[in-house]
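Right, one structure below, let's go through it.
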Amino acid sequence: MNLHEYQGKEILSSYGVRIQRGIVAQSADEAVAAAKKLQEETGTGWWVVKAQVHAGGRGKGGGVKLAKSLEEVKQRASEIIGMDLVTPQTSKEGKRVHQVLIAEDVYYPGETETSEIYMSVMLNRQAGRNMIVYSTEGGMDIEAVAEKTPELIFTEEIDPKVGLLPFQARQIAFNLGLEGVAFKEMVKFVTNLYKAYDSIDAALFEINPVLKTSDNKIMAVDAKVAIDGNSLFRHPDIAALRDLREEDASEVEAGEAGLNFIKLDGNVGCMVNGAGLAMSTMDIIKMAGGNPANFLDVGGTADAARVEKAFRIILREDNVKAILVNIFGGIVRCDRVAQGIVDAYNNIGEINVPIIVRLQGTNAVEAKELIDKSGLKVHSVIALQEAADMVQELVS
Ligand code: GDP
Ligand code: MN
């Protein structure tokens, strides 16, 4: 689960990490009120208006704008709220902006002493350890740095038995070329950032930029945070931060029904039990000349209600030309799944795309009989090759 920048910053702040202060706003008027409040609290006379969407690269897409007066805050906020923000990390349709963060300007005008640092904490799966990735070359082009000058990116691995050790935090501050107050600030920043990451079971904390201000403060100017979804049961306060507007509506609905569904943009819908089988089914579709319209694992209990729900969600996409159902009857009996398909088909009524059903395993023969006798436009096969051939025929 992903968080918004403002939510990530609030969490960081609660763990003692210095942040660029800001207030979230849902409208241009709220933006002005937020700007005034920040002015009272921090004395700032300039603000940044920042689109709050679950995508990075907002600066490049025009989603981060400086405002030098309250009128400008109002103008920028009304431009950004409601826009479809296109960034290098969104689709070409972009993401609709529902709210903005009004933040104090921390790049104090006229100062040249600020510098932008990159820092993230994430899991290194190969090493089985968390790691801190950091670089002096922070800012909007860290991807280019990683590609062209990877030697400028450092990593520090953390032993899970002992956590981040003080010498490691100092090593990081040293490698970033910091001295004096800034060095001490960075040690504290890294220590508390790691504490935040570890405590809330995050999968990613990416702070780009971490700013060194002209008066040697180290602060988080951005925060991209992802939480391990499997840990949410023990963090109800964080689970409550979920913003469903940022997620695909079909994926949310599928999740509620217990389906593991990810929308893709191909032309063959697929319904499969088991993630591994789902992936190989997608490969088969691809090899047969089609393109999967989704990943869908209906799970171990492919009952009629779930199958129906899955059909309805897949059929919502106009580009779906065929649906391939590939079920292995291990624990679940194929004839029960077949009955589920027949029931779902009858409940939905008109289904205008061909459905290929491949059931293999326990009671596969009975299942095929059931489908063949139902009189529905469902092609039932047992061998996978047959299913692939049929996909090829239907999409070409
Ligand atoms: P991203 O583009 O989605 O990563 O959004 P960021 O929060 O990183 O903001 C993009 C860029 O806006 C940053 O790299 C900064 O250069 C700039 N920016 C952010 N906050 C301020 C600020 O307070 N003042 C000024 N002048 N620029 C800022
Ligand atoms: Mn950023």
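Quick note: residue numbers are just sequence positions, from 1. Order of listing sets the numbers, starting from 1, for every ligand and every atom in it.
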At less than 4.0 angstrom from any non-hydrogen atom of [X], what atoms of ligand 1 do you find?
| X | result |
| --- | --- |
| Arg58 | 1 (P), 2 (O), 3 (O), 5 (O), 6 (P), 7 (O) |
| Gly56 | 3 (O) |
| Glu104 | 23 (O) |
| Glu116 | 13 (C), 14 (O), 15 (C), 16 (O) |
| Lys50 | 6 (P), 7 (O) |
| Gln20 | 20 (N), 21 (C), 22 (C), 23 (O) |

field: Name of the residue among Glu5, His54, Gln89, His4 meeting side-chain hydrogen bond (donor to acceptor under 3.5 Å, both in side chains) with Lys224
entry: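 That would be Gln89.
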NZ/NE/NH1/NH2 to OD/OE distance under 4.0 Å, [X] and [Y]:
| X | Y | answer |
| --- | --- | --- |
| Glu40 | Lys36 | no |
| Glu317 | Lys263 | yes |
| Asp105 | Lys68 | no |
| Glu253 | Lys309 | yes |

message: Going by the rule salt bridge (Lys or Arg N to Asp or Glu O under 4.0 Å), which residues pair with Arg125 if we only count those two or more places apart in sequence or in a different chain?
response: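 Once residues adjacent in sequence are excluded, Arg125 has no partner under the salt bridge (Lys or Arg N to Asp or Glu O under 4.0 Å) criterion.
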message: Same cluster or not: Tyr134 versus Tyr15, using hydrophobic residues (I, L, V, M, F, W, Y) connected whenever any side-chain heavy atoms lie under 4.5 Å apart?
response: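 Shared cluster, yes.
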- request: Pick whichever of Val106, Val64, Leu66 has a heavy atom sitting closest to atom 12 (O) of ligand 1.
  value: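 Comparing heavy atoms across Val106, Val64, Leu66, the nearest one to atom 12 (O) of ligand 1 lies in Val64.
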- prompt: Of the choices Val221, Val53, Asp105, which has the non-hydrogen atom that lies closest to atom 24 (N) of ligand 1?
  reply: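 Looking at heavy atoms only, the winner is Asp105.
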- request: Pick one of side chain, backbone, both or neither for how Thr87 approaches ligand 1, counting any non-hydrogen atom pair under 4.0 Å.
  value: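 The answer is neither; Thr87 stays 4.0 Å or more away.
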All side-chain contact (heavy atoms from CB on, under 4.5 Å) counterparts of Ala275, not counting sequence neighbours: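 Partners of Ala275 by the side-chain contact (heavy atoms from CB on, under 4.5 Å) criterion, ordered by chain and then number, come out as Phe295, Asp297.
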- request: Please lay out, stage by stage, how Asp201 and Arg234 fare under the test salt bridge (Lys or Arg N to Asp or Glu O under 4.0 Å).
  value: CA-CA 9 Å; Asp201 290 317; Arg234 56 184 184 196; 2.9 Å; yes
field: Under 2.8 Å from the Mn ion (ligand 2) - protein N/O/S, by chain and number
entry: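 Protein N, O or S atoms closer than 2.8 Å to the Mn ion (ligand 2): Asn208 O, Asp222 OD2.
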Of the protein's non-hydrogen atoms, which lies at the shortest distance from [atom], and what is that distance?
| atom | result |
| --- | --- |
| atom 4 (O) of ligand 1 | Asp222 OD2, 3.1 Å |
| atom 10 (C) of ligand 1 | Met140 SD, 3.9 Å |
| atom 2 (O) of ligand 1 | Gly59 N, 2.7 Å |
| atom 28 (C) of ligand 1 | Tyr107 CE1, 3.6 Å |

field: Within-cut-off N or O pair, Glu5 and ligand 1, under 3.5 Å
entry: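 No - when backbone and side-chain N and O of Glu5 are compared with those of ligand 1, no distance drops under 3.5 Å.
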message: Given 3.5 Å as the limit, does a donor-acceptor pair link the side chain of Asp141 with the main chain of Ala144, or not?
response: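 It does not hold such a pair.
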message: Tell me whether Gln168 contacts the main-chain N or O of Glu157 through its side chain, where contact means a donor paired with an acceptor under 3.5 Å.
response: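 Yes.
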field: Where at least one partner belongs to residues 328-352, residue pairs that pass ring-ring contact (aromatic ring centres under 6.0 Å, His included), sequence neighbours excluded
entry: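 Sorted result for residues 328-352: empty, none.
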- request: Could you check Glu185 against Arg18 for salt bridge (Lys or Arg N to Asp or Glu O under 4.0 Å), going step by step and ending with a plain yes or no?
  value: CA-CA 9 Å; Glu185 281 258 329; Arg18 189 191 297 281; 2.8 Å; yes
query: Heavy atom of Gly57 under 4.0 Å from ligand 1?
result: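 Yes, Gly57 has heavy atoms under 4.0 Å from ligand 1.
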